[in-house]
Amino acid sequence: MIEENVRKILHEIEGGNGKGEKITLVAATKTRTPEEICRAIKAGIGAVGENKVQEFCAKFGLIDGAERHFIGNLQTNKVKYLIGRCDLIHSVGSMRLAEEISRLSVRANVTQDILIEINVGGEASKGGFPYEEAETARKQISALGGISVRGFMAMLPESEDLALLTPLALKMRRLFESARERDEKISYLSMGMSGDWRLCVEQGSNMIRLGTAIFGERNYAQNVPHDTVISPSDGE
Ligand SMILES: *Cc1c(COP(=O)(O)O)cnc(C)c1O
């Protein structure tokens, strides 16, 4: 089932996005066991993304053969658990968070790849910079040490209304393109989940984060292995 889902999706995105660019498929692995994740990697998944630091750390040593991304809401006091272990942080949605990533990366003598999260739908429930502040944020974060800004991440509103979603996806693509003209390191537009990824890649997303479409429905009651470094009381 996992294997077949991965193969089908990889086949479907083989031709690239609406602009003919290669699409990176990130498996969103929250609540999934290391066994399930390893099956997805064996089937061809090249990158996995966790939402919670505790789950990231718990599974870190148990999976192999794929990039590790962080895609969820990140608290500044947990940045320390990711530095040096995470290939790409998608969800940098405030200057305070960017500054903490910078501070710890410089101290560890590493460069952390990040995406700037944009709240493109202007939703109160979502994190990220307002769309209007995206270019200012990009300039300010790019000036920080220890950080490499590789692009943008956005989550579209939960809706099936194409007339609402399509212009938002297009707005993100325009933002991505204008930033890429100014900075050659800008490479990724991370946009698209199980419900809306086809629309997103059509409009020019080149990185999609899929959970349900790969693994099936989530069961939040499922236990994940605990990491000894982080106590459960340190959880989100
Ligand atoms: C869970 C999650 C996804 C994947 O969601 P699905 O609808 O299961 O594909 C993508 N991005 C983020 C940030 C997530 O938290």
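Atoms considered below: every heavy atom in the structure, side chains included; atoms not considered: hydrogens, waters and symmetry mates.
Distance alone, capped at 3.5 Å, places no donor-acceptor pair between the Glu100 side chain and the Gln75 backbone. Listed for the Ser190 side chain is no donor-acceptor partner under 3.5 Å among the backbone atoms of Met153. Counting only distance, with no hydrogens or angles, the side chain of Ser102 and the backbone of Gly145 share a donor-acceptor pair below 3.5 Å. Remark: the backbone N or O of Thr33 is paired with a side-chain donor or acceptor of Glu36 at under 3.5 angstrom. Looking only at distances, no side-chain donor or acceptor of Asn5 sits under 3.5 Å from a matching main-chain atom of Phe215. Checking side-chain atoms of Glu55 against main-chain N and O of Thr31 turns up a donor-acceptor pair under 3.5 Å. The backbone N or O of Thr29 lies less than 3.5 Å from a partner atom in the side chain of Lys59, making a donor-acceptor pair. Checked by atom type and distance alone, the side chain of Asn206 pairs as donor or acceptor with a backbone atom of Leu189 at under 3.5 Å. Of the possible donor and acceptor atoms, one in the side chain of Asn17 sits under 3.5 Å from a partner among the backbone N and O of Ser205. A distance-only check finds a donor-acceptor pair linking the side chain of Ser178 to the backbone of Leu175 [under 3.5 Å].
For the 3.5 Å distance criterion, the side chains of Glu133 and Thr136 fail to qualify, holding no donor opposite an acceptor.
Put simply, the side chain of Ile71 does not reach to within 4.5 Å of the side chain of Ser91, judged on heavy atoms. Looking at heavy atoms from C-beta onward, Val48 lies out of side-chain contact with Arg32 at the 4.5 angstrom threshold. Two residues are said to be in side-chain contact when any heavy atoms from C-beta on lie closer than 4.5 Å; Phe129 and Ile118 meet this criterion. Side-chain contact between Glu12 and Trp197: present, with at least one pair of heavy atoms (C-beta onward) separated by less than 4.5 Å. With a 4.5 Å cut-off on side-chain heavy atoms, Glu117 and Leu115 do not count as touching. When side chains are defined from C-beta on, Val120 counts as touching Leu156, because their heavy atoms get closer than 4.5 Å. No side-chain heavy atom of Lys52 sits under 4.5 Å from any side-chain heavy atom of Lys30. Considering only heavy atoms from C-beta on, Ile101 comes within 4.5 Å of Ile83 through its side chain.
Among residues two or more places apart in sequence or in another chain, the ring pair (Phe, Tyr, Trp, His ring centres under 6.0 Å) test is passed with Phe56 by Phe60. In this view, Tyr188 satisfies the ring pair (Phe, Tyr, Trp, His ring centres under 6.0 Å) rule with no residue, not counting sequence neighbours.
No chain of hydrophobic side-chain contacts below 4.5 Å, direct or via other Ile, Leu, Val, Met, Phe, Trp or Tyr residues, connects Ile2 to Val26. The hydrophobic clustering, which links ILVMFWY residues whose side-chain heavy atoms are closer than 4.5 Å, places Ile37 and Ile45 together. Val149 is connected to Phe176 through a chain of hydrophobic side-chain contacts under 4.5 Å among Ile, Leu, Val, Met, Phe, Trp and Tyr, so both are in one cluster. Cluster membership for Leu10 and Val201, using ILVMFWY side-chain heavy atoms within less than 4.5 angstrom, is shared. Residues Leu25 and Met193 do not share a hydrophobic cluster, defined by chaining ILVMFWY side chains whose heavy atoms lie under 4.5 Å apart.
Residues Gly65 and Ile41 come closest through the heavy atom pair O-CG2, 3.7 Å. Nearest heavy atoms, Pro157 versus Leu168: CD-CD1, 3.6 Å. Residues Leu210 and Gly192 approach most closely at CD2-O, 4.2 Å, considering heavy atoms. Counting all heavy atoms, side chain and backbone alike, Ala40 lies closest to Ile214 at CB-CG2, 4.4 Å. Smallest separation of non-hydrogen atoms from His69 and Asp87: CD2-CB, 4.1 Å. Residues Arg209 and Ala154 approach most closely at NH2-O, 3.6 Å, considering heavy atoms.
Of the inter-residue distances, the one linking Lys126 atom NZ with Asn73 atom CG reads 12.5 Å to the nearest 0.5 angstrom. With rounding to the nearest 0.5 Å, the separation of OG in Ser148 from NZ in Lys185 is 4.5 Å. Distance CD1/Ile63 to CZ/Arg68: 5.0 Å, rounded to 0.5 Å. Of the inter-residue distances, the one linking Leu74 atom CG with Ile89 atom CD1 reads 6.0 Å to the nearest 0.5 angstrom. To the nearest 0.5 Å, the span separating CE on Met172 from CE on Met155 amounts to 11.5 Å. To the nearest 0.5 Å, atom CD1 of residue Ile9 and atom CD of residue Glu4 are 10.5 Å apart.
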Practice prompt. Report the C-alpha distance between Glu21 and Arg180 in whole Å, list the side-chain angles of each, state the deciding distance to 0.1 Å, and finish with yes or no for salt bridge (charged side-chain N to carboxylate O under 4.0 Å, His left out).
Written response: CA-CA 14 Å; Glu21 298 159 356; Arg180 192 175 56 177; 3.1 Å; yes
Item to complete: Check step by step if side-chain contact (heavy atoms from CB on, under 4.5 Å) holds for Met207 and Ile23.
Response: CA-CA 5 Å; Met207 186 172 265; Ile23 299 166; over 6 Å; no
Discussion item. For Glu99 and Arg96: C-alpha separation, side-chain torsions, deciding distance, then whether salt bridge (charged side-chain N to carboxylate O under 4.0 Å, His left out) applies.
Written reply: CA-CA 5 Å; Glu99 281 159 3; Arg96 197 169 150 253; over 6 Å; no
Worksheet entry | From CA spacing to verdict: salt bridge (charged side-chain N to carboxylate O under 4.0 Å, His left out), Arg173, Glu177 | CA-CA 6 Å; Arg173 177 68 197 191; Glu177 283 182 8; 2.7 Å; yes
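Within 6.0 Å of atom CD in Glu158, 12 or fewer heavy atoms from other residues, nucleotides or ligands are found, so the atom counts as exposed in its surroundings. By the neighbour-count criterion of 12 heavy atoms within 6.0 Å, atom CG of Asp64 is sparsely surrounded, having that number or fewer from other residues, nucleotides or ligands. Atom CZ of Arg107 sits in a sparse spot, with 12 or fewer heavy atoms from other residues, nucleotides or ligands closer than 6.0 Å.
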